[in-house]
Amino acid sequence: MDRSKKPSAIGVSPSLPQPTISFVGNEVEAKLPKGGSVTVNLFGATVTSWKLPSGKEQLFLSEKAHLDGSKPVRGGIPLVFPVFGAPPKDHATSSLPQHGFARNSKWEFLGKSSSESLERSKSSDETVKLDFGLSHTMLSEDFQKAWSYEFELVYSVILSGASLETQLQVNNKSSKSFEFQVLTHTYLRIEDISKIRIGNLQSKTYVDKTQNATTHIEKSPALAITQETDRVYQGLEPNVPVVVSSTDGKTLFSISRMDLNDTVIWNPWAEKAKGMADFAPDDAYKNMVCVESGSVSTWQSLEAGEFWVGGQTIKASLEA
Ligand SMILES: O=P(O)(O)OC[C@H]1O[C@@H](O)[C@H](O)[C@@H](O)[C@@H]1O
């Protein structure tokens, strides 16, 4: 036996081309041999690009997005943790900025997962999983003071064919319990906001943040976005994906969730878009819609030593 040769990973033919990983500045890019790529910025572990095998970009990224950590990234998939929106007074998160610290902190790249840990049904040339970590010792002093719990987050970004999965594991390393909210603030790239509809929200309760946080019931089977929209849909059925389709009935994105039962639908529309210094071009609100899977209408409580896992899978259309 030739002991100089390393054994190949279990179940993987050595002749199969493998996904490639490259690093440019703060960004990690993974490319699949059959095409398709994902790019993650270490600031916030923010996914900034997701391309299908055809090369078509699926995420909206503002032309003025800050990619150097000076501000959260305007576009892609910023991760909201441990609080959604402006923190409430009299809560452990009350001194944190809007949407928490995860999107404002520099994460560590933990590596590309080995083929053994991916689903057996997916061969390693079709799937790549990137893991990122953040713990309390990696936070700025200000954030450590503002949220003094010991924790570890592991965020996995899994690209395969026409789907992108993001999964977060929250570990409580403190000696006391803590509460958190979490959300994947996904900016989907679309061609024309007037030509899309959002389905599977009918009959769901939502809080309309543009209407003094009043509560409503969604009547529409196919929601059209025609003005500033900022709604928190609550208590969605775990097995029913939120679907973005074109007005001629093609599914563009189907977003399924694991242990995330709320979905925020956000579009700033013309005036707010213009007012955001990092949003460009001004009329790009027509080319994006945020469909944000999360757990934000209540708090998740995590006991000392326990962990929680949740995530989303976005399936894009290969034809659209
Ligand atoms: O400007 P930010 O902090 O990235 O937030 C963008 C939007 O994020 C959405 O999730 C919120 O519901 C909106 O209220 C908010 O305006």
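Order of listing sets the numbers, starting from 1, for every ligand and every atom in it. Basis for what follows: all heavy atoms, side chains included, without hydrogens, waters or symmetry-related copies. Note that the structure is a prediction, hence the values are computed from the model and not measured.
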*Asks:* Can you say whether the rings of Phe132 and Tyr155 are parallel (under 30°), tilted (30 to 60°) or perpendicular (over 60°)?
*Replies:* tilted
*Asks:* Would you say that Leu42 contacts Phe109 through its side chain, given a criterion of any heavy-atom pair below 4.5 Å between the two side chains?
*Replies:* yes
*Asks:* Hey, are the side chains of Ile196 and Ile198 touching, using non-hydrogen atoms and a 4.5 Å cut-off?
*Replies:* yes
*Asks:* Which label fits Phe178 and Phe180: parallel for a plane angle under 30°, tilted from 30 to 60°, or perpendicular past 60°?
*Replies:* perpendicular
*Asks:* Between Gln234 and Ser297, is any side-chain donor less than 3.5 angstrom from a side-chain acceptor?
*Replies:* no
*Asks:* Is the ring pair Phe81/Phe151 parallel, tilted or perpendicular, if the boundaries are 30 and 60 degrees?
*Replies:* tilted
*Asks:* Check each N or O atom of ligand 1 against all protein N or O atoms and list the pairs under 3.5 Å, with atom names and distances to 0.1 Å, one per line.
*Replies:*
{"residue": "ligand 1", "atom": "1 (O)", "partner": "Arg74", "partner atom": "NH1", "Å": "3.2"}
{"residue": "ligand 1", "atom": "1 (O)", "partner": "Arg74", "partner atom": "NH2", "Å": "3.0"}
{"residue": "ligand 1", "atom": "3 (O)", "partner": "Gln98", "partner atom": "NE2", "Å": "3.0"}
{"residue": "ligand 1", "atom": "3 (O)", "partner": "Arg103", "partner atom": "NH2", "Å": "2.9"}
{"residue": "ligand 1", "atom": "4 (O)", "partner": "Arg74", "partner atom": "NH1", "Å": "3.0"}
{"residue": "ligand 1", "atom": "4 (O)", "partner": "Arg103", "partner atom": "NH1", "Å": "2.9"}
{"residue": "ligand 1", "atom": "5 (O)", "partner": "Gln98", "partner atom": "NE2", "Å": "3.4"}
{"residue": "ligand 1", "atom": "5 (O)", "partner": "His99", "partner atom": "NE2", "Å": "3.4"}
{"residue": "ligand 1", "atom": "8 (O)", "partner": "His99", "partner atom": "NE2", "Å": "3.1"}
{"residue": "ligand 1", "atom": "8 (O)", "partner": "His185", "partner atom": "NE2", "Å": "2.8"}
{"residue": "ligand 1", "atom": "10 (O)", "partner": "His185", "partner atom": "NE2", "Å": "3.2"}
{"residue": "ligand 1", "atom": "10 (O)", "partner": "Glu292", "partner atom": "OE1", "Å": "2.7"}
{"residue": "ligand 1", "atom": "10 (O)", "partner": "Glu292", "partner atom": "OE2", "Å": "3.4"}
{"residue": "ligand 1", "atom": "12 (O)", "partner": "Lys209", "partner atom": "NZ", "Å": "3.1"}
{"residue": "ligand 1", "atom": "12 (O)", "partner": "Asp230", "partner atom": "OD1", "Å": "2.6"}
{"residue": "ligand 1", "atom": "14 (O)", "partner": "Lys209", "partner atom": "NZ", "Å": "3.2"}
{"residue": "ligand 1", "atom": "14 (O)", "partner": "Asp230", "partner atom": "OD2", "Å": "2.5"}

